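Read the structure below first, then the notes.
Just so we're clear, the structure is a prediction, and the values are computed from it rather than from any experiment.
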Amino acid sequence: MTTRTRQSQLLLPLLEVLDDAPKGMTAAEAVSAVADHLKLSEEQRRETVQLPSGTYRALDRDVRWCRQKAVLAGHMDGSVHNLWRLTPKGKKDLRFAMPGIVVTVFETENGAAVWAQAESAFGHIEDQSLNLIFTSPPYPILTAKDYQTADDVGTYLDWLTGLAREFHRCLTSDGSLILNLGDAWQPGRPTLSLYQERLILKLVDDLGFHVAQRCHWHNPAALPSPAQWVTVKRVRLAQKVESLWWLSRSDTPKANNRHCLQPYSDAMQKRLAQGGEKGAARPSGHVLAKGAFGADNGGSIMSNLVIAPNTASNGAYQRYCRDNGLPAHPARFPEAIVEPFIKLTTEPGDTVCDPFAGSLTTAAVAERLQRRWIAIEQSLTYLRGGVGRFEPDGLRVAA
């Protein structure tokens, strides 16, 4: 029995094969090229579907359906009979997904990487189906970059608050939302924007989120920034810390800090070996009873400060990007800030989502920890590079 390729998985291959044929293709040529692109078997190519009007090849019908959808979206030129070719808009949209496009690029047993804008993708996610959303949304930066545009703070807050309304809808009643946010500066001034505080107030006051805890990521390897104020005029300190806001739908989200214990320090291991405290008073005035901290609980409780250098330069992901001529995402975060929070707030089999997936760090950690996952990214280029974070044997390329 053959496994029929879903219609939604054919749109991206169709656009890609047409991108390689600037003069266009006939319908038959396009269908054949899509089949070659997806490495479909002869049996899959010849599969038929029975309709009241007759018997048709399923692949022909499905690819023609994709062509009609692409014409309506402005991605393909529909003015010439039996000549399929991309419009300039279609060529542009092959890099960044435009509103309405939701295409699964690849899958594993546990999850799916989706090419789409987050707003479009969340329209396909069911209510209360996500246990954790861990993501680093774009910051309200002053200069546009390859992976985001520059917006004024008011526009940014309205956009992210609107999207967070979808986050709230899709989270389980005990689910968590963790936002990695970096500081932004006032235009031309050495003073901080309060966009984070304004955003959190909107999420709490307008949407009903709760702040479970404010955590921090310390990246010792971060370059001194912003350069104008830190290294040129030398009137500010180097920024080395970013916020990890832990929000939740209720004030009692699912969480167990026993699942993310940290290795004991040398001093603690020595204390355990000695049977705990000797009963001394600390400079703070606290008196520790004899034998206190003498029980080995398997590790120390994780603090709300995560120290994780972001220095990886020759891992599997970077090598895959180099070998395949793909750019590495410039705003990656390390697995070390993702893993403890997935362990803290979810269990194996729970679903983790990253709506701004970038290089798919969150997805790769969720896969390793046997969580289900959904990774949403609007850049097809970065999704192609993110494949390098996964074992090839476990991948199924869907588009």
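- Aromatic ring pairs are classed by plane angle as parallel below 30°, tilted from 30° to 60° and perpendicular above 60°; the pair F134 and F341 is tilted.
- Y195 and Y139 have tilted rings, their planes meeting at an angle from 30° to 60° on a 0 to 90° scale.
- The two atoms that bring L261 and G298 nearest to each other are CD1-C, 4.0 Å, heavy atoms only.
- Aromatic pair F390/F106: centroids less than 6.0 angstrom apart.
- The closest donor-acceptor contact from the side chain of Q68 to the backbone of W65 lies at 3.5 Å or more, if one exists at all.
- With R85 as the fixed residue, the salt bridge (charged side-chain N to carboxylate O under 4.0 Å, His left out) test singles out one of D77, D19, D20: D77.
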task = Evaluate the criterion side chain to side chain contact (heavy atoms under 4.5 Å, CB included) for residue pair T172 and K254; output intermediate values, then yes/no.
result = CA-CA 10 Å; T172 58; K254 177 193 288 190; over 6 Å; no
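- The side chain to side chain contact (heavy atoms under 4.5 Å, CB included) with L344 is formed by just one residue from the set N257, I178, L132; it is N257.
- No hydrogens or angles considered: nothing links the side chains of Q128 and S173 as a donor-acceptor pair under 3.5 Å.
- Looking only at distances, a side-chain donor or acceptor of R371 sits under 3.5 Å from a matching main-chain atom of L369.
- Taking 4.0 Å as the cut-off between side-chain N and carboxylate O, R368 and E339 count as a salt-bridged pair.
- Pairs of residues two or more places apart, or lying in two chains, that qualify as salt bridge (Lys or Arg N to Asp or Glu O under 4.0 Å) and include a residue from residues 168-195 are D127-R169, E166-R169.
- In this structure, T351 contributes its side chain and R372 its backbone to no donor-acceptor pair below 3.5 Å.
- Counting only distance, with no hydrogens or angles, the side chain of E377 and the backbone of G358 share a donor-acceptor pair below 3.5 Å.
- In this structure T55 satisfies the side chain to side chain donor-acceptor pair (under 3.5 Å) test together with Q50, sequence neighbours excluded.
- The OG1 atom of T104 sits 9.5 Å away from the NE2 atom of H124 when rounded to the nearest 0.5 Å.
- One distance of note links CG of L207 with CZ of R249; it measures 11.0 Å at 0.5 Å rounding.
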query = Stepwise, does the side chain to side chain contact (heavy atoms under 4.5 Å, CB included) test hold for K240 with N219?
reply = CA-CA 5 Å; K240 300 281 186 176; N219 176 11; 5.9 Å; no
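- Looking only at side-chain heavy atoms (C-beta outward), L181 and P137 come within less than 4.5 Å of each other.
- Between P327 and C321, the closest heavy-atom pair is O-SG, 4.2 Å.
- Residues L247 and V338 are members of separate hydrophobic clusters, defined by side-chain heavy-atom contacts under 4.5 angstrom among Ile, Leu, Val, Met, Phe, Trp and Tyr.
- For the ring pair (Phe, Tyr, Trp, His ring centres under 6.0 Å) condition, the pairs that include at least one residue of residues 342-362, sequence neighbours left out, are W159-F356.
- Remark: the T108 side chain and the E367 side chain contain an N/O donor-acceptor pair separated by less than 3.5 Å.
- By the rule that hydrophobic residues join a cluster once side-chain heavy atoms approach within less than 4.5 Å of another member, V71 and L11 end up as members of one cluster.
- No more than 12 heavy atoms of other residues, nucleotides or ligands sit less than 6.0 Å from atom CZ of R258.
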request  = Evaluate the criterion side chain to side chain contact (heavy atoms under 4.5 Å, CB included) for residue pair V105 and L380; output intermediate values, then yes/no.
outcome  = CA-CA 9 Å; V105 176; L380 180 60; 4.1 Å; yes
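- Not a single donor-acceptor pair under 3.5 Å links the side chain of S176 to the backbone N or O of S248.
- Using a cutoff of 4.0 Å between basic side-chain nitrogens and carboxylate oxygens, R384 and E16 are scored as salt-bridged.
- The two residues V17 and M25 come nearest to each other via the heavy atoms O-CE, 3.8 Å.
- Remark: the backbone N or O of R45 is paired with a side-chain donor or acceptor of R57 at under 3.5 angstrom.
- Counting heavy atoms from C-beta on, the side chains of W84 and V63 come closer than 4.5 Å.
- Linking ILVMFWY residues whenever their side-chain heavy atoms come closer than 4.5 Å, directly or via other members, places L160 and V211 in the same cluster.
- Under the 4.5 Å side-chain heavy-atom criterion for grouping Ile, Leu, Val, Met, Phe, Trp and Tyr, V204 is connected to I133 within one hydrophobic cluster.
- For N82 against A27, the heavy-atom pair with the smallest separation is OD1-N, 3.0 Å.
- With contacts defined as side-chain heavy-atom distances shorter than 4.5 Å, the pair N110/W373 qualifies.
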message = Assess the residue pair T26 and E29 against the criterion (side chain to side chain contact (heavy atoms under 4.5 Å, CB included)); give the C-alpha distance rounded to whole Å, side-chain angles, the decisive distance to 0.1 Å, and a yes or no.
response = CA-CA 5 Å; T26 65; E29 289 170 341; 3.1 Å; yes
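- Distance CD/Q269 to CG/D296: 9.0 Å, rounded to 0.5 Å.
- Taking 4.5 Å as the limit, every side-chain heavy atom of I376 sits out of range of all side-chain heavy atoms of W115.
- Put simply, CD on Q318 and NE2 on H329 are 13.0 Å apart, with the number rounded to the nearest 0.5 Å.
- In the model, T155 has a side-chain atom that pairs as donor or acceptor with a side-chain atom of D152 under 3.5 Å.
- The shortest distance between side-chain heavy atoms of D62 and V49 does not fall below 4.5 Å.
- Looking at S120, its side chain never comes within 3.5 Å of a backbone N or O of A116 through a donor-acceptor pair.
- The distance from the CG atom of L10 to the SG atom of C66 is 4.5 Å, given to the nearest 0.5 Å.
- A 6.0 Å sphere centred on CD of E126 holds no more than 12 heavy atoms belonging to other residues, nucleotides or ligands.
- Between S136 and L179 the shortest side-chain heavy-atom distance does not fall below 4.5 Å.
- Minimum interatomic distance between A164 and L203 (heavy atoms only, all atoms of both residues): CB-CD2, 3.4 Å.
- With no hydrogens or angles considered, no side-chain donor-acceptor pair links W245 and Q213 at under 3.5 Å.
- Annotation: cation-pi geometry satisfied between R389 and Y317 (NZ/CZ under 6.0 angstrom from ring centroid, within 45° of ring axis).
- Counting all heavy atoms, side chain and backbone alike, T346 lies closest to I342 at OG1-O, 2.5 Å.
- For the pair S225 and V230, the minimum side-chain heavy-atom distance is 4.5 Å or more.
- At a threshold of 4.5 Å between side-chain heavy atoms, the hydrophobic network of Ile, Leu, Val, Met, Phe, Trp and Tyr places L163 and V352 in two separate groups.
- Taken to the nearest 0.5 Å, the SG atom of C215 stands 14.0 Å off from the CD atom of E242.
- Although no hydrogens or angles enter the test, the distance criterion places a donor-acceptor pair under 3.5 Å between the side chain of T161 and the main chain of L157.
- Aromatic ring centres of F167 and F122: separated by under 6.0 Å.
- You'll find the side chain of R214 stays beyond 4.5 Å of the side chain of W246, heavy atoms only.
- More than 12 heavy-atom neighbours from other residues, nucleotides or ligands sit within 6.0 angstrom of CD on E42.
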